[in-house]
Amino acid sequence: MMIDTHCHLNSNDYENIDEVIKHMDGNIMIVSGADMASNRENLDLVKKHSNIYATIGMHPEVASVYNSACLDWLENHINDAKVVGIGEIGLDYHYEGYDRELQKKIFIEQIDLAKKYHKVVVIHSRDAIADTLDIIKSYLNGYPTVMHCYSGSVETARILTKMGVMLGIGGVLTFKNASKLVEVVREIDLKYLLLETDSPYLTPEPFRGKTNEPYNILYVARKIAEIKNISVEEVLEITTNNAIRLFDLPM
Ligand code: NI
């Protein structure tokens, strides 16, 4: 069994979303929220499909539309069936003009909410690793947390895993210029790694350029197996168990 621990299955990204979901029969997907529309859509998806779970949250890119009503909505739905975490939340300093202080404030507010209800925190961090690390050290040291789509250095990976943070590994690992991430996967124990696609984005080789789908975690698993010189079955077994344990999935 495979678990795509982080994907987006919003209907307007796919011509035939039912087919994409059917492709994952016998496997599990965790759909990640990013804004109110995707949060609502995720709650519908988990009701329709037994093998889909959800996280809900407000992404730093929508910080400017976040308000107390969003936080109330998240709190009202955090204990809905199959909601296993808060995410993706975090910091994104990629573009000029983003309000960094506002991003930090809503990141911390949502962390506090997750902790109040004992839900996993799923972090998005882009070009903001120093501030992200500071917040993790202050609020999430030892708390069930995932650094989604990890793309940092081995040194940072060591700091994170020492605090118990899990690293989501996606299709970027299969790219030709992924030497830094290859080193991370080689050096970090498999017990800290999770498979994810971040579908519809970041499609792994050999499908780069096409729309990504959860089934493609198989190609990420194959690459991890190659790097660690172990079988794909072992990669799937360990990463699946990591995800079941972290998200407390009923198996
Ligand atoms: Ni994502």
Would a distance-only check, ignoring hydrogens and angles, find a side-chain to backbone donor-acceptor pair under 3.5 Å from [X] to [Y]?
X: Asn27; Y: Met1; result: no
X: Thr161; Y: Gly164; result: no
X: His8; Y: Asn10; result: no
X: Asn216; Y: Asn212; result: no
X: Asp99; Y: Leu102; result: yes
X: Glu109; Y: Lys105; result: no
X: Asn42; Y: Ala54; result: no
X: Lys180; Y: Gly152; result: no
X: Ser199; Y: Glu213; result: yes
X: Tyr150; Y: Ala157; result: yes

Between [X] and [Y]: side-chain donor-acceptor atoms closer than 3.5 Å:
X: Ser38; Y: Asp35; result: yes
X: Tyr117; Y: Glu75; result: yes
X: Gln103; Y: Tyr93; result: no
X: Asp4; Y: Thr197; result: yes
X: Tyr98; Y: Glu61; result: yes
X: Asp92; Y: His124; result: yes

Do you know which two heavy atoms are closest between [X] and [Y], and how far apart they sit?
X: Gly170; Y: Val220; answer: C-CG2, 3.7 Å
X: Arg158; Y: Glu187; answer: NH2-OE1, 3.3 Å
X: Thr211; Y: Pro200; answer: CG2-CB, 3.7 Å
X: Ile217; Y: Met24; answer: CD1-CE, 4.3 Å
X: Ala178; Y: Leu173; answer: CB-O, 3.7 Å
X: Leu9; Y: Met29; answer: CD1-SD, 3.8 Å

Side-chain contact test, heavy atoms from C-beta onward, threshold under 4.5 Å: evaluate it for [X] versus [Y] and give yes or no.
X: Leu71; Y: Leu113; answer: yes
X: Ile56; Y: Ile86; answer: yes
X: His6; Y: Cys149; answer: no
X: Val182; Y: Val185; answer: no

Could you please spell out the steps behind the side chain to side chain donor-acceptor pair (under 3.5 Å) verdict for Thr55 and Glu88? CA-CA 7 Å; Thr55 65; Glu88 56 190 288; over 6 Å; no
Classify the angle between the aromatic ring planes of Tyr219 and Phe207 as parallel (below 30°), tilted (30 to 60°) or perpendicular (above 60°).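 Ring orientation of Tyr219 relative to Phe207: perpendicular.
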Do the ring planes of Trp73 and His77 sit parallel (below 30°), tilted (30 to 60°) or perpendicular (above 60°)?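 Taking His77 first and then Trp73, their aromatic rings sit tilted (interplane angle of 30° to 60°).
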Please evaluate residues Asp25 and Lys22 with respect to the criterion salt bridge (charged side-chain N to carboxylate O under 4.0 Å, His left out), reporting the C-alpha separation (whole Å), side-chain torsions for both, the decisive distance (0.1 Å), and the verdict. CA-CA 5 Å; Asp25 266 0; Lys22 190 142 183 35; 3.2 Å; yes
Tell me, with the steps shown, if Tyr66 and His59 meet side chain to side chain contact (heavy atoms under 4.5 Å, CB included). CA-CA 9 Å; Tyr66 174 95; His59 192 285; over 6 Å; no
For Glu226, run the salt bridge (charged side-chain N to carboxylate O under 4.0 Å, His left out) check against Lys228, Arg222, Lys223 and tell me which one passes.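 Of Lys228, Arg222, Lys223, salt bridge (charged side-chain N to carboxylate O under 4.0 Å, His left out) with Glu226 is met by Lys223 alone.
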Same cluster or not: are Met251 and Met166 linked, directly or through other Ile, Leu, Val, Met, Phe, Trp or Tyr residues, by side-chain heavy atoms under 4.5 angstrom apart?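 They do share one cluster, since a chain of ILVMFWY contacts under 4.5 Å joins Met251 to Met166.
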Hey, quick one: are Val65 and Ile108 part of the same hydrophobic cluster, counting side-chain heavy atoms closer than 4.5 Å, chains of contacts allowed?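 Yes.
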Lys104 and Asp131: CA distance, side-chain angles, deciding distance, salt bridge (charged side-chain N to carboxylate O under 4.0 Å, His left out) verdict: CA-CA 8 Å; Lys104 284 184 211 169; Asp131 284 353; 3.5 Å; yes
Distance, nearest 0.5 Å, that separates CG of Leu195 from CD1 of Ile3: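 Spacing of CG (Leu195) from CD1 (Ile3) equals 9.0 Å.
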Hey, which of Val122, Asp248, Ile30, Thr5 is the one that makes side chain to side chain contact (heavy atoms under 4.5 Å, CB included) with Val84?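 When side chain to side chain contact (heavy atoms under 4.5 Å, CB included) is applied between Val84 and each of Val122, Asp248, Ile30, Thr5, only Ile30 qualifies.
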Give the C-alpha distance, both sets of side-chain angles, the deciding distance and a yes or no for side chain to side chain contact (heavy atoms under 4.5 Å, CB included) between Val146 and Val165. CA-CA 6 Å; Val146 186; Val165 176; 6.0 Å; no
